Amino acid sequence: MAQKVQSMAGVRAQPRIHAYDRVYVWELPVRNYHWINVLCLMFLIPTGYIIGNPQAVFSANEPYQQYWFGIVRFTHFASGMVFFFNFLFRIYWGFVGNRFAKWNNYILMKKAQWRKLIEVFSVDILQLKLTRPMGRGHNPLAALSYFVFFLISMFQAATGLALYASMSSWWFPKLFTWIVPLMGGDMAVRQWHHMAMWGSIIFIVFHVYIVFYHDYVEGRGTTSGMISGWEFERKEDE
Amino acid sequence: MNGRSPTIWQAMQARGYTRRDFLQFCTVAATLSGIQLSGLGKVVHAFETKSRPPVVWLHFQECTCCSESFIRSSHPIVADILLDYLSLDYTETLQAAAGHQAEKSYHDTITKYPGQYILLVEGSVPMKDDGAYCMIGGRSAEQILREAAKDAAAVIAWGSCASNGCIQSANPNPTNATPIHKIISKPVINVPGCPPIADVMTGVVAHLLVFGRAPELDSQGRPKEFYSRRVHDTCYRRPFYDAGLFVESWDDDAARQGYCLYKMGCRGPTTYNACSVTKWNGGLSYPIQSGHGCIGCSEAGFWDNGPFYQHLPAFPGFGIESTADTIGALAGAAALGGVAAHLVLTNVRKRQLINIDKKAGGVAAPEEKEGGDQ
């Protein structure tokens, strides 16, 4: 098939119409996880940045009439909690979900996955080759980037809860306080938490772009797939 | 120090203190160690019956600010009792003895009262080059510490040097200055601070005397009664923080209004200490009340978390002005640039691949539409 498209890309290739199959890939819990995550990050990143670098506010009001910084912090903590439990749910779903949601998509343990990863890298990133055979679900390079993002999520949840523990009387955040001496104090935990925020921002830049890229180049409904759960497969690809 | 040493009550009587003074002392000691009124009887009983524990106070790599702080305890009666009657058998700063006499006093204490004496350590221990950077009486700090800690009833690390290394262990730590809990295997009561608050120091000692055991410690070995809350949580400027009113520069109106010093790099939110409750110099003030942010002196590695007047510490390897935000923004911009470059590459390299289907759509679309446009 690769040869076929390769020649299509040549000067004399003939335009033609493709027939598509509609394939169910992303189950509802996976989609829910994705969009709850998006929502959480939309709150977490701006509020987190503001907590680290609050705007100068000049107000004639008395301090007791204001609580904006408290609200920003509350939003951060509340969405952080949702983010964390949503993440836990996704780990659970990585064991019971369909084959596209399974954990072994994300932790690359087979040689074939690494071979495929190199192929994806040369076709989609470096574009040394123009096409590659299409598979369903995540390609290994994407999966690896999600695995890195899972690690960042875990790190953010753990360091965030460790920092939060001193403001809470709940037993749960206190389970994470061992991280503080390990990293060398609250100041260091705050610094790492901050750096990992930038890590997730960079992930979002790459992720959103590459989804648009796939949709644009391959025309398989990559973007809408995360809304409907269905993706499209060219009949001739099968 | 031969035979049974007098109890604290006996010692006080000998000094001419009245029963009322004694009870006052007991009350203050009880308050400092967090005991409620109903427990006062226990404290009185303890001080009437317990003999004064001998104390060895060692000084290693330090500046003696902990001792200076301790002798300025805001309850003179407590400092007086603890210092004069604690039977401070050996302390380089305050002892009358010198030279061989002092060494003898030290050896007498640790050999005569094994398992009874309290060991107070001020200063960190250099571990590099066999400890050549801190020698007392011809022996290294490490040797002395190990020997003294062996039979000690309790070991207290006074100040940040002994608890976490403080300035000697700041990067690059040329002498490999090491906090004492990393050297001896016994549990150590860490009382960090540069210096620790005098009343906290007396409180810890009072707790040891009253209960005969260490106060409850957190995971970093600090007494929970003094180090379980952040300076920030009990700070009187906290309402300004929640209201989002911050000092932007040292001479602005917000500084005059006494707004929160968070943006000026105040380490209150990351520092566990009792400063904003106990305060300093008899409850007179503490750094934030005096208009200066907390520098986090009781936190491990606080010298390396600088600059003190910056909210985020400097990012290692990128100069003192650059924070995680500077680096993050640069990396983010680089990512955007990479993505933009890739977009251009895609449109050049894969144009025909994309256009080929575009043409097909253009040819086929009218026919398709006629049948299926509902």
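Since the structure is predicted, the reported quantities are computational estimates derived from the model, not experimental observations. Proteins come first, then strands; the chains are lettered A, B, ... in the order of their sequence lines, and each starts at number 1.
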What part of [X] gets closer than 4.5 Å to chain B, counting heavy atoms only: side chain, backbone, both or neither?
X      : result
A/Q65  : neither
A/V208 : neither
A/I71  : neither
A/I51  : both

Would you indicate whether the side-chain heavy atoms of [Y] and [X] approach each other to under 4.5 Å?
X      : Y      : value
B/F302 : A/M187 : no
B/I327 : A/W198 : no
A/W178 : B/S219 : no
B/Q220 : A/V180 : yes

* Structure fact -> Within residues 234-241 of chain B, contacts to chain A at heavy-atom distances under 4.5 Å involve B/R238, B/F240, B/Y241
Please determine, among [options], the option with the most heavy-atom pairs under 4.5 Å with chain B.
options               : value
A/G185, A/A56, A/G70  : A/A56
A/I125, A/I204, A/N53 : A/I125
A/W192, A/W68, A/Y209 : A/Y209

* For chain B, which residues of residues 148-174 of chain A have heavy atoms nearer than 4.5 angstrom -> A/S166, A/M167
When only pairs under 4.5 Å are counted, which of [options] shares the most heavy-atom pairs with chain A?
options                        : result
B/D253, B/T271, B/L345         : B/L345
B/L343, B/N305, B/D304, B/T270 : B/T270
B/A331, B/A334, B/P313         : B/P313
B/K263, B/R267, B/R229         : B/K263

Check for a donor-acceptor pair, side chain of [X] on one end and backbone N or O of [Y] on the other, with a separation under 3.5 Å.
X      : Y      : value
B/K350 : A/V217 : no
B/R349 : A/L128 : yes
B/H342 : A/D124 : yes

* What distance separates A/I202 CD1 from B/L336 CG, expressed to the nearest 0.5 Å? ->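 Reported to 0.5 Å precision, the distance equals 9.0 Å.
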* To do: Answer yes or no: are there more than 12 heavy-atom neighbours, outside A/Q55 itself, under 6.0 Å from its atom CD?
  => no
* Decide if atom NZ of B/K182 counts as having more than 12 heavy atoms of other residues, nucleotides or ligands within a radius under 6.0 Å. =>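 No, the 6.0 Å shell around NZ holds no more than 12 heavy atoms from other groups.
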* Shortest non-hydrogen contact from A/M195 toward B/A324 ->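 Scanning both residues, the minimum pair turns out to be CG-CB, 3.6 Å.
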* Structure fact -> Closest non-hydrogen contact found for B/P269 with A/D186 is O-OD2, 4.1 Å
* In plain terms, say whether A/R73 and B/D242 are close enough for a salt bridge, that is, a side-chain N and a carboxylate O under 4.0 Å apart. =>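 Salt bridge present between A/R73 and B/D242.
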* B/V339 pairs by side chain to side chain contact (heavy atoms under 4.5 Å, CB included) with which of A/Y213, A/F206, A/F212? -> A/F206
* Do you see a donor-acceptor pair shorter than 3.5 Å between the side chains of B/D325 and A/H194? -> yes
